[in-house]
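Worksheet for the structure shown next.
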Amino acid sequence: MSAIRAIAPHDLEAVIRLASATPEAPQWERSVYESLLQPGSPNQAFIAEKDGVLAAFAVARIVLDICELDSIAVAPFARRSGLGSDLLAAVIEWARVAGASRLQLEVRSGNHAAIAFYQRAGFTRDGLRHAYYRNPNEDALLMSLPLPPARERAGDGGKLL
């Protein structure tokens with residue numbers, strides 16, 4: 001059983017450990033993770049637990065009306081279990097409620113599994129940033145997903161969700 005929720009202070013160590021153990025995740029300084037807990041921050045972090053253990057996290061931020069998905073990291077034991085999709089859904093809903101019109105991200109051009117994941121979720125390729133990543137050096141594929149206002153979603157009877 002999994003649960004998705006906003007990050008709490010007691011999650012910080014486990015999130016940092018998971019990020020450190022996930023080469024695809026950004027290797028941020030501890031202070032960046034601590035900033036996710038600050039009131040009024042434009043950033044939001046969600047965590048996913050599986051059987052009571054932190055198994056995944058996602059970090060996003062809103063700049064003007066654009067939500068930037070900075071990271072989704074899933075522990076090896078929890079991959080292919082739907083946690084990444086659940087976290088992405090939480091980020092999308094948070095961004096819509098916050099008024100974002102678009103969700104965008106960068107992904108390593110060689111990370112074919114992540115690219116396929118985002119394409120299945122409806123993201124399109126928007127461009128390329130040459131030599132964006134280090135260790136190893138790699139291009140970043142730019143992808144985005146339009147976020148129609150909640151009132152425009154099909155099948156909701158026009159209700160604001």
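For this chain, numbers begin at 1 and follow the sequence in order.
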Quick check: closest heavy atoms across L37 and A8, and the distance to 0.1 Å? CD2-C, 3.8 Å

In the structure I gave you, are the side-chain heavy atoms of P42 and V63 within less than 4.5 Å of one another anywhere? no

Counting only N and O atoms by type, is there a donor-acceptor contact under 3.5 Å from the side chain of E138 to the main-chain atoms of G110? yes

Taking NZ, NE, NH1 and NH2 as the nitrogens, is one of them in D139 or R108 under 4.0 Å from a carboxylate oxygen of the other? no

Considering only NZ, NE, NH1 and NH2 on the basic side and carboxylate oxygens on the acidic side, decide whether D70 and R61 come within less than 4.0 Å. yes

Shortest non-hydrogen contact from A114 to V107? CB-CG2, 3.7 Å

Separation between CG (L54) and CD1 (I47), nearest 0.5 Å, reads 4.5 Å

Is there side-chain contact between I115 and R125, with at least one heavy-atom pair below 4.5 Å? yes

Between R30 and E13, is there a side-chain N and carboxylate O pair less than 4.0 Å apart? yes

Within the 4.5 Å heavy-atom criterion, are L147 and S101 side-chain neighbours or not? no

Around R134, counting heavy atoms of other residues, nucleotides and ligands shown, do more than 12 lie under 6.0 Å from its CZ? yes

Close side-chain approach of L145 to I92, heavy-atom, < 4.5 Å: yes

Trace of the side-chain contact (heavy atoms from CB on, under 4.5 Å) decision for R5 with D11: CA-CA 11 Å; R5 62 176 172 76; D11 300 316; 2.7 Å; yes

Under the side-chain contact (heavy atoms from CB on, under 4.5 Å) rule, what do N43 and S35 come out as? Steps first, then yes or no, please. CA-CA 8 Å; N43 301 319; S35 75; 4.2 Å; yes

Residues M143, D126; criterion side-chain contact (heavy atoms from CB on, under 4.5 Å); working and verdict: CA-CA 5 Å; M143 301 182 82; D126 295 334; 5.6 Å; no

Expected output: side-chain S41 to main-chain Q38 donor-acceptor under 3.5 Å: no

Quick one, W94 with F46, criterion side-chain contact (heavy atoms from CB on, under 4.5 Å). Give me CA distance, side-chain angles, the key distance, then yes/no. CA-CA 10 Å; W94 169 75; F46 294 96; 3.7 Å; yes

